[in-house]
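This report refers to the structure that appears directly beneath it.
The analysis underlying the following values was restricted to heavy atoms, covering all of them including side chains, and did not include hydrogens, waters or symmetry mates.
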Amino acid sequence: MAETRPMTSEPVEAWITGIGLATSLGEGPDAHWDALNNKRINVDETGFAPNIVHPLAPVSYDAQIPKKGDQRQMEAWQRIGTYAAGLALDSAGVKGNKDILSKMDMIVAAGGGERDLAVDSGILNSDGYGAATPGLLNEKLLNDLRPTLFLAQLSNLLAGNIAIVHGVTGSSRTFMGEEAAGVDAARIALARIASGQSDIALIGAAHNGERKDLLLLYEFDDFNLKNKFETVWARENNSGFALGSAGAFLVIESKAHAEARGAKPLARLKSVVADHARRKTPGEVTTVLQKLWSQLGAKNDAAIITGATGAEPVTSEERAFLKDHADVAIRGTGTLFGHTLETQFPLGLGLAALAISRGAMFPPNDSTGLEIEKSGKPTQIVVIGAGHWRGEGMALVEAIS
């Protein structure tokens, strides 16, 4: 159990002091900054055709997960996340510091684990050929599924593996709920630090988009981008997202805690707000985003990094909101990294902190003209997350003067 601390009267300032990114564009801040400024995009249009995915760039897991036994017992999404978490701890300068890691809170956003494709395929094929007897599912459950598969599907295994590999042993929370889970991970971490309940936290998520079972799942509601890659704002006539593989983690801590250990901040996490539009009538997402912006405390000229999915109708409704911010730098991570579900919002936070720490906004990568070039140092960046099906959120990331 985490230590209970007295509530403070004034909100505590929260600093982002570490970023860990492992995505389709590479690993670490330098590789990402180079890729973003050179407008590189990594897509696979053939491996899962007709669906398009953004595959994970090659990484050497040994660098952050030294024990092969640890690697073998993890599913791919857990390896990606544990690796990215290690990068964040390195970036913050706390890797291996047992005193800090023992009290570090951890908040992870995670989906369900991976499935046995051979068993799933057999069931679907039997059904497709009319050979699915009434007792087929029970038979498969009893005879074909390995017992350890159910353990591998637990969403909180990512947090468990991070604790084992990196020694992060403060309180632990795992949120499920696709894109909204990533928003809540940041929201709760900030609330705990601001109230004085937490001094330092590791937050983030991981996603493996190179999964046939996930592509099948999203195909049921026609969410997958097919046949031809387009930038996220150019998909009105070819709606959908391209799943991406990515891990994104951040170290967030109170200003006092960071200063006491001599840590250099990358940016300040000022506020995080969230909502859940019913999406029963057109325009609800636009209205909710306008409300969230008014609650956030951002200036009108704040730059925007959005996890817009490319799926409709939510992307068009978000674009309607963005019309009120047409003269600022807008960047869509869905174009650059694909859609990484729970990871999309932490990924946006990481990119915002990276841009502020580098004193520039990375260039647009958009075929429609919605994203414009903008020079000068960004002092505020708003991160937006509007889920493909449910959930909306915003965060304000600021420069520290």
Heavy-atom pair of closest approach, residues [X] and [Y]:
X: Ala277; Y: Glu392; value: N-OE1, 2.8 Å
X: Arg79; Y: Gln71; value: NH1-O, 3.3 Å
X: Met361; Y: Ala355; value: SD-CB, 4.2 Å
X: Gly359; Y: Pro378; value: C-CD, 3.8 Å
X: Ala258; Y: Thr17; value: CB-CG2, 4.2 Å
X: Trp77; Y: Gly111; value: CH2-O, 4.2 Å

Answer yes or no: is there a side-chain heavy-atom contact under 4.5 Å between [X] and [Y]?
X: Asn238; Y: Asn227; answer: no
X: Thr82; Y: Gln64; answer: no
X: Ile384; Y: Ile305; answer: no
X: Leu266; Y: Ile356; answer: no
X: Val94; Y: Met104; answer: yes
X: Ile252; Y: Leu190; answer: no
X: Ile41; Y: His54; answer: yes
X: Glu27; Y: Tyr83; answer: yes

Please determine which of Thr23, Leu36, Asn42, Val232 meets the side-chain contact (heavy atoms from CB on, under 4.5 Å) test together with Leu336.
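One option only clears the test, and that one is Leu36.
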
Sequence-distant partners of His207, ring-ring contact (aromatic ring centres under 6.0 Å, His included), two or more places apart:
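Once residues adjacent in sequence are excluded, His207 has no partner under the ring-ring contact (aromatic ring centres under 6.0 Å, His included) criterion.
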
For His325, which residues count as a ring-ring contact (aromatic ring centres under 6.0 Å, His included) partner, sequence neighbours excluded?
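Residues passing ring-ring contact (aromatic ring centres under 6.0 Å, His included) with His325: Trp293, Phe321.
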
With no hydrogens and no angle check, is any side-chain donor or acceptor of [X] less than 3.5 Å from a backbone partner on [Y]?
X: Gln344; Y: Thr340; value: yes
X: Ser91; Y: Gly18; value: no
X: Glu178; Y: Leu341; value: no
X: Ser102; Y: Thr169; value: no
X: Ser254; Y: Ala14; value: no
X: Asp70; Y: Asn161; value: no
X: Ser316; Y: Glu312; value: no
X: Arg268; Y: Ile400; value: no
X: Glu210; Y: Ser245; value: no
X: Asn156; Y: Thr174; value: no

Under 3.5 Å, is there a donor-acceptor pair linking the side chains of Ser198 and Asp105?
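Checked: Ser198/Asp105 side chains pair up, N/O donor to acceptor below 3.5 Å.
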
Do Ile164 and Gln73 pass the side-chain contact (heavy atoms from CB on, under 4.5 Å) test, and can you show the C-alpha distance, the side-chain angles, and the key distance before you say yes or no?
CA-CA 12 Å; Ile164 291 169; Gln73 62 85 27; 5.7 Å; no

State whether [X] and [Y] are salt-bridged, where the test is any N-O pair (Lys NZ or Arg NE/NH1/NH2 against Asp/Glu carboxylate O) under 4.0 Å.
X: Glu236; Y: Arg319; value: yes
X: Asp301; Y: Lys299; value: no
X: Arg278; Y: Glu284; value: no

With side-chain hydrogen bond (donor to acceptor under 3.5 Å, both in side chains) as the test, would you mind laying out the steps for Thr231 and Ser367 before giving the verdict?
CA-CA 6 Å; Thr231 60; Ser367 62; 3.0 Å; yes

Pair Trp15-Glu259, side-chain contact (heavy atoms from CB on, under 4.5 Å): steps then yes or no
CA-CA 10 Å; Trp15 285 1; Glu259 288 181 333; 3.8 Å; yes

Among pairs that include at least one residue of residues 241-253, which meet salt bridge (charged side-chain N to carboxylate O under 4.0 Å, His left out), considering only residues two or more places apart or in two chains?
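Residue pairs passing salt bridge (charged side-chain N to carboxylate O under 4.0 Å, His left out), neighbours aside: Glu253-Arg261.
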
For Thr46 and Asp44, what are the C-alpha separation, side-chain angles and deciding distance, and is it a side-chain contact (heavy atoms from CB on, under 4.5 Å)?
CA-CA 6 Å; Thr46 60; Asp44 179 359; 3.3 Å; yes

Can you list every pair that meets side chain to side chain donor-acceptor pair (under 3.5 Å) and has a residue in residues 350-361, with sequence neighbours left out?
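Output for this query lists Asp30-Arg358.
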
Per the side chain to side chain donor-acceptor pair (under 3.5 Å) rule, what does the pair list look like for residues 374-391, sequence neighbours excluded?
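Found Glu179-His388, Gln380-Glu398.
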
Inter-residue atom distance [X].[atom1] - [Y].[atom2], 0.5 Å rounding:
X: Asn208; Y: Asp213; atom1: CG; atom2: CG; answer: 8.5 Å
X: Glu371; Y: Ile304; atom1: CD; atom2: CD1; answer: 10.5 Å
X: Arg331; Y: Leu370; atom1: CZ; atom2: CG; answer: 10.0 Å
X: Met394; Y: Leu296; atom1: CE; atom2: CG; answer: 7.0 Å
X: Phe249; Y: Ile203; atom1: CZ; atom2: CD1; answer: 9.0 Å
X: Ile330; Y: Leu322; atom1: CD1; atom2: CG; answer: 4.5 Å

Going through the distances and angles, do Val273 and Lys291 end up as a side-chain contact (heavy atoms from CB on, under 4.5 Å)?
CA-CA 10 Å; Val273 292; Lys291 182 182 76 171; over 6 Å; no

Step by step, work out the side-chain hydrogen bond (donor to acceptor under 3.5 Å, both in side chains) result for Asn237 and Glu230.
CA-CA 10 Å; Asn237 298 319; Glu230 298 279 3; over 6 Å; no

Who are the side-chain contact (heavy atoms from CB on, under 4.5 Å) partners of Glu45, not counting sequence neighbours?
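Glu45: side-chain contact (heavy atoms from CB on, under 4.5 Å) contacts with Val43, Ile52, Phe229.
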
Report the C-alpha separation of Thr368 and Asp366 in whole Å, then their side-chain angles, then the decisive distance to 0.1 Å, and conclude whether the side-chain hydrogen bond (donor to acceptor under 3.5 Å, both in side chains) test is met.
CA-CA 6 Å; Thr368 70; Asp366 169 41; 2.9 Å; yes

